Undergrad: 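I am attaching a structure below and will ask some questions about it afterwards.
The model shown is predicted, which means the values in this text are computed figures rather than measured ones. Numbering of ligands and ligand atoms starts at 1, following listing order. Numbering of residues begins at 1 and proceeds along the displayed sequence.
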Amino acid sequence: MAILVTGGAGYIGSHMVLALADAGEKVVVIDNFSTGFPWLLPPNVAIRGGDVGDAGFVTSVIEEFGITELAHFAAKIVVPESVSNPMLYYGNNTAKSRTLFETAIKCGVERVIFSSTAAVYGDVSGDPVSEDILVNPVSPYGRSKLMTEWMLEDAAKAHGLSYVILRYFNVAGADPKGRSGQSFPIATHLIKIAVQAALGMRAKMDIFGTDYATPDGTCVRDYIHVTDLAQAHVDALSYLRSGGQNAILNCGYGRGFSVKEVVDVVKAVTKVDFRADIGPRRAGDPATIVAKSDKIRATLGWKPKHDDLEEIVAAAYAWEAKLKARNA
Ligand code: UFG
């Protein structure tokens, strides 16, 4: 029995691989290395370079290792890019997932953990979002993921697959042991940009909009430590192995921080008073997205260990400093 992790050399996938390897599981990674790096992975993990949309390649890996479980991370994830190039997202995230699931079913895979996103909810009112509200994604990225959720649900009904779909909120931080972190050179996410500003890798950062209907006027998000997120996947796997029902679960802590609060924490943790200018709103940003997180806690018995914004920021900062030194 082995677990196939697609996109396992990427940011979140590599943390899942570390968590599985730490738990003594047999893990196999497939990655096309478009945004992933093999050096993030432990040496005892098998890595095969290739594409999830290549049925022949995936079949050969499943057969080579006797795969029975699949954790599907490989995806494009940049919301504005999905708006300007939607077919890239429907091709990469939706069509290739269709091929992957079809191949997995043909090869007898029994359990699937799928990486979905809070972007499936669309513009929400500001209250913590529960899994059963009506989904209404507003970006091609969110839609490409929602369609994949639907394919998985239908495939499970028809073919007896079992699955857990995890809807990620704002993932941040890095492995506490310093083995992996967000390594793609083009940063778009708030905490990575702020720690780069603190490290002098950029002259300044911008705060996108201060006129939102939130306590300080800046957007509020539910930042989850990537190591807690990886643990949620490990817990989901144990849950399915012990006969748990198919489930869709939010991955967030259930509390939000504003952009200004995050910037203040980054300045306090790094002890650098970097320049943060007030800029205009960024297109498509909802004011507040916070998870309702009681379902994942109750269903999986998930107990986050890193629910602390200072710890998340400190880990992201340490990783960015390491990357900076590596690339110097
Ligand atoms: N922000 C800034 N300045 C920056 C970068 C970000 O002010 O330089 C702000 C954004 O405007 C937003 C907040 O910080 O208000 C968080 O932005 P991120 O880009 O870090 O994350 P998003 O909330 O936009 O996106 C995240 C995931 C997406 C997912 C989405 C679902 O990264 O993959 O949540 O809501 F689709």
Side-chain angles (χ1 to χ4, degrees), residues 7 10-13 35 73-83 86 89 92-93 115-126 128-129 133 135-146 148-149 166-173 182 184 186-198 201-226 229 250-253 256-267 274-292 309 312-313 316 320:
Y11 171 45
I12 302 172
T35 54
F73 291 86
K76 297 256 167 225
I77 59 154
V78 180
V79 176
E81 183 186 42
S82 79
V83 176
Y89 279 68
N92 198 85
N93 294 359
S115 306
S116 190
T117 169
V120 300
Y121 294 118
D123 285 326
V124 288
S125 67
V129 186
I133 69 159
V135 284
N136 184 23
V138 292
S139 67
Y141 168 65
R143 290 166 188 246
S144 73
K145 286 285 188 175
L146 182 58
T148 308
E149 289 192 5
L166 296 173
R167 292 179 176 160
Y168 306 166
F169 283 64
N170 286 62
V171 188
Q182 172 63 270
F184 195 59
I186 304 164
T188 58
H189 291 140
L190 175 64
I191 291 179
K192 184 165 175 95
I193 285 178
V195 298
Q196 285 185 341
M201 296 166 70
R202 51 180 75 229
K204 58 144 189 159
M205 63 163 291
D206 293 306
I207 293 174
F208 297 143
T210 52
D211 58 349
Y212 287 95
T214 59
D216 67 15
T218 64
C219 291
V220 172
R221 296 288 182 271
D222 188 336
Y223 295 92
I224 173 174
H225 195 298
V226 65
L229 180 65
N250 283 341
C251 289
Y253 293 134
F257 290 98
S258 74
V259 175
K260 276 188 179 163
E261 286 172 325
V262 171
V263 170
D264 287 347
V265 168
V266 176
K267 287 184 176 184
F274 55 86
R275 189 172 146 198
D277 291 353
I278 305 297
R281 288 183 175 202
R282 187 174 71 176
D285 278 342
T288 302
I289 312 183
V290 173
K292 239 177 153 295
L309 187 58
I312 292 172
V313 165
E320 203 61 39

Undergrad: For ligand 1, which atoms, with element, lie under 4.0 Å from some heavy atom of V79?
TA: 36 (F)
Undergrad: Going by ring-ring contact (aromatic ring centres under 6.0 Å, His included), name the residues that satisfy it together with Y212, two or more places apart in sequence or in a different chain.
TA: none
Undergrad: Can you find an N or O of T117 that's nearer than 3.5 Å to an N or O of ligand 1?
TA: no
Undergrad: Near Y141, which atoms of ligand 1 are under 4.0 Å from a heavy atom of that residue?
TA: 33 (O), 36 (F)
Undergrad: N/O of I193 under 3.5 Å from N/O of ligand 1, yes or no?
TA: no
Undergrad: Between Y121 and I133, is there a side-chain heavy-atom distance shorter than 4.5 Å?
TA: yes
Undergrad: Determine yes or no for a side-chain-to-main-chain donor-acceptor pair under 3.5 angstrom, with K292 supplying the side chain and N250 the backbone.
TA: no
Undergrad: Name the option, out of N170, I191, V171, V259, that contains the heavy atom nearest to atom 34 (O) of ligand 1.
TA: N170
Undergrad: Please confirm whether Y212 comes under 4.0 Å of ligand 1, counting heavy atoms of the residue only.
TA: no
Undergrad: List every atom of ligand 1 that sits less than 4.0 Å from any heavy atom of A119, numbering the atoms from 1 in the order shown and giving each element.
TA: 31 (C), 36 (F)
Undergrad: For atom 23 (O) of ligand 1, what is the closest protein heavy atom, and at what distance to 0.1 Å?
TA: R221 NE, 2.7 Å
Undergrad: Go through the structure and list residues passing side chain to side chain donor-acceptor pair (under 3.5 Å) with K260, not counting sequence neighbours.
TA: none
Undergrad: Which of the atoms of ligand 1 are close to I207, meaning less than 4.0 Å from one of its heavy atoms?
TA: 7 (O)
Undergrad: To check your reading of the model: name the closest protein heavy atom to atom 4 (C) of ligand 1, its residue, and the distance in Å.
TA: F208 CE1, 3.3 Å
Undergrad: Using a plain distance cutoff, I'd like to know if L190 has any nitrogen or oxygen under 3.5 Å from a nitrogen or oxygen of ligand 1.
TA: yes
Undergrad: Under a 4.0 Å heavy-atom limit, does Y223 contact ligand 1 with its side chain, its backbone, both, or neither?
TA: side chain
Undergrad: Counting each atom of ligand 1 from 1 as listed, which ones have a heavy atom of T188 under 4.0 Å away?
TA: 5 (C), 19 (O)
Undergrad: Give me the nearest non-hydrogen protein atom to atom 11 (O) of ligand 1 as residue plus atom name, then the distance to 0.1 Å.
TA: D285 OD2, 2.5 Å
Undergrad: Within the distance-only criterion (no hydrogens, no angle test), does the side chain of R167 pair as donor or acceptor with the backbone N or O of A291 below 3.5 angstrom?
TA: no
Undergrad: Return yes if some donor-acceptor pair links the side-chain N/O of Y89 with the main-chain N/O of V79 below 3.5 Å, else return no.
TA: no
Undergrad: Verify, without hydrogens or angle tests, whether N93 (side chain) and K76 (backbone) share a donor-acceptor contact under 3.5 angstrom.
TA: yes
Undergrad: Going by the order shown, which atoms of ligand 1 are within less than 4.0 Å of some heavy atom of I289?
TA: 35 (O)
Undergrad: Heavy-atom contacts with C219 under 4.0 Å: which atoms of ligand 1 show up? List them by number with element.
TA: 15 (O)
Undergrad: Going by the angle between their ring planes, with limits at 30° and 60°, are F73 and Y168 parallel, tilted or perpendicular?
TA: tilted
Undergrad: Would you kindly specify which portion of F169 sits under 4.0 Å from ligand 1, judged on non-hydrogen atoms: side chain, backbone, both or neither?
TA: neither
Undergrad: So, the side chain of N170 versus the backbone of R221: is there a donor-acceptor pair under 3.5 Å, distance only?
TA: no
Undergrad: So which heavy atom in the protein is nearest atom 24 (O) of ligand 1, and how far is it from that ligand atom?
TA: R282 NH2, 2.8 Å
Undergrad: Any side-chain donor-acceptor pair under 3.5 Å between Y141 and E81?
TA: no
Undergrad: Kindly say whether T218 contributes a backbone atom to a donor-acceptor pair with the side chain of D216 at under 3.5 angstrom?
TA: yes
Undergrad: Give a yes/no verdict on a cation-pi contact between K204 and F274, requiring under 6.0 Å between NZ or CZ and the six-membered ring centre and an angle within 45° of the axis.
TA: no
Undergrad: If we set the cut-off at 4.0 Å for heavy atoms, which region of D206 has an atom near ligand 1: side chain, backbone, both, or neither?
TA: backbone
Undergrad: Using a 4.0 Å heavy-atom cut-off, which part of H189 comes near ligand 1: side chain, backbone, both, or neither?
TA: both
